[in-house]
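Remember, it's 1-based here, ligands and their atoms both numbered in the order they're listed. What you see is a predicted model, and the numbers here were worked out from it, not measured in a lab.
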Amino acid sequence: MTKIITPTDNAIKQAAQILKSGGLVGMPTETVYGLAANALDGKGVARVFEVKGRPAFNPLILHCASMEMAENYAEFNETARILAHHFWPGPLTIIMPRKKSCAVSELVSAGLDTLAVRVPDHPVALKLIEVAGVPLAAPSANRSGSLSPTTPAHVSEALGNDVDIILAAGACAVGLESTVLHLSEQGPVIVRAGAITAEDIETATGLKTVYDTGDKDKPLSPGQLLKHYAPAIPLRMNAVDVAPGEGLLAFGSIKFMGVRGAGAAKDLPPTMFRNLSENSDLHEAAANLFAMIRQLDNPAHTGIAVMSVPNQGLGIAINDRLHRASS
Ligand code: TXA
Ligand code: MG
């Protein structure tokens, strides 16, 4: 059975240690319980997607202990600063550009150039982030398609042993996911409704604020919002060899992979070749996916040949993204 524990100082230390070693923690927040991973650890984040059972990579929210911490990762503009001062800690998630040198795994933002960030208003969540010393990526701690958990028992029933430890802090005060806000050039747009309303945002900023929400978990995309990065050169899936000039995105051993008329793939120059996971580990492959596609997306290459990735577990979301990048 999953360990459901009272969040004493020692328990929080233990949970922080689990996060630092790639594990998952059921974390209380004021909105709903989150399934938290170290946002700087791509493999830990990959495990979140695996446990959620999402067939695609949706971007996750970055949880920070303070605005100062968030400024290490996201580019705040004037409006974002006002909002953060006004509503953090609290149930407002702000979408901002990723900082250039941002150390957050690209899997958290699912390859987007933006990050959704919030500071949760819950002493246990804040303490956990502080003790771990890293920001946490945390979607609601339920399987994809089920209700969000607002008690520790919900988390344990939904996820069983797939979560390493649950910090039990009773029922969540808000009980509804945070408001997700996009700061567009025309003004703030709420892409997921939550406890903080358009009126609240208008009062704080003096800016006209509108709703553009579709499904709760699938916000409509105002403009470019959820328009995912796609490589500028063609991407070819299930490649069994490499064409001259193509970069190679490998998965597993390339011992027997050839370059048409020009020898072995293993002898390609380092700039033309990345391996998602030499050991065919899907967690590692998911963690590397977005960064490696970008590295190979180079006008010097005629395209990217991608070896096949098994279509099971995390492989389903990996193939979904590769497929979208290829068309
Ligand atoms: O209250 C909450 O926000 C909870 C607790 C645990 O903090 N977390 C939560 O996370 O609901 P999740 O992953 O279930 O929802 C994230 C939402 C999704 O609607 C996602 O599309 C949106 O935020 N989102 C995340 N990053 C985004 C980005 N860069 N651009 C646009 N939308 C983004
Ligand atoms: Mg959710």
Those atoms of ligand 1 less than 4.0 Å from some heavy atom in [X]:
{"X": "Ala138", "answer": "6 (C), 8 (N), 10 (O)"}
{"X": "Glu177", "answer": "1 (O), 11 (O)"}
{"X": "Gly34", "answer": "6 (C)"}
{"X": "Ile95", "answer": "30 (N), 31 (C), 32 (N)"}
{"X": "Ala116", "answer": "25 (C), 26 (N), 27 (C)"}

task = Give a yes/no verdict on whether any heavy atom in Pro120 is under 4.0 Å from an atom of ligand 1.
result =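 It does not, in that no heavy atom of Pro120 comes within the 4.0 Å cut-off of ligand 1.
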request  = Answer with yes or no whether Ile61 contacts ligand 1, where contact means a heavy atom under 4.0 Å from a ligand atom.
outcome  =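 Contact check Ile61 vs ligand 1: positive.
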Ion pair [X]/[Y], N-O distance below 4.0 Å:
{"X": "Lys20", "Y": "Asp164", "value": "no"}
{"X": "Arg143", "Y": "Asp162", "value": "yes"}
{"X": "Asp320", "Y": "Arg324", "value": "yes"}

Less than 3.5 Å between some nitrogen or oxygen of [X] and one of ligand 1, yes or no?
{"X": "Thr114", "answer": "yes"}
{"X": "Thr29", "answer": "no"}
{"X": "Thr31", "answer": "yes"}
{"X": "Ser178", "answer": "yes"}
{"X": "Arg118", "answer": "yes"}

request  = Over all heavy atoms of both residues, which pair between Arg236 and Asp241 is shortest? Give the atoms and the distance, please.
outcome  =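 Result for this residue pair: NH2-O, 2.9 Å.
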ask   = Closest heavy-atom contact between Leu60 and Ala137?
value =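 Distance-wise, the nearest heavy atoms are CD1-CB, 4.1 Å.
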Can you give me every donor-acceptor pair (side chain of residues 90-99, partner residue at least two apart or in another chain, under 3.5 Å) with its distance?
residue	atom	partner	partner atom	Å
Thr93	OG1	Ser178	OG	2.8
Arg98	NH1	Ser109	OG	2.6
Arg98	NH2	Val104	O	2.5
Lys99	NZ	Glu71	O	2.7

query = Would Ser140 count as a contact for the Mg ion (ligand 2), in the sense that one of its N, O or S atoms lies under 2.8 Å from it?
reply =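 Within the cut-off used here (under 2.8 Å), Ser140 does place an N, O or S atom near the Mg ion (ligand 2).
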query = Under 4.5 Å between any side-chain heavy atoms of Leu115 and Glu75, yes or no?
reply =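 When only atoms from C-beta onward are counted, Glu75 and Leu115 do not touch, as no gap falls below 4.5 Å.
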inquiry  = Is there a side-chain contact between Leu276 and Met292 in this structure, where contact means two heavy atoms from C-beta onward sitting under 4.5 Å apart?
reply    =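 Leu276 vs Met292: side chains touch.
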inquiry  = Please compare Met96, His63, Arg192, Glu30 and report which has the shortest non-hydrogen distance to atom 15 (O) of ligand 1.
reply    =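 It is Arg192 whose heavy atom sits nearest to atom 15 (O) of ligand 1.
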query = If you measure from atom 28 (C) of ligand 1 to every heavy atom of Leu112, Val180, Leu92, which option wins on shortest distance?
reply =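 Among Leu112, Val180, Leu92, the closest heavy atom to atom 28 (C) of ligand 1 comes from Leu112.
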task = Verify whether one side chain among Glu278 and Ser253 offers a donor that lies under 3.5 Å from an acceptor in the other.
result =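 Glu278 vs Ser253: no donor-acceptor pair found between side chains.
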query = So how far is it from Asp297 CG to Leu249 CG, rounded to the nearest 0.5 Å?
reply =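 If we round to the nearest 0.5 Å, Asp297:CG and Leu249:CG are 11.5 Å apart.
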request  = Select one of side chain, backbone, both or neither to describe which atoms of Lys52 lie under 4.0 Å from any atom of ligand 1, heavy atoms only.
outcome  =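 Lys52 to ligand 1: no contact under 4.0 Å from either part.
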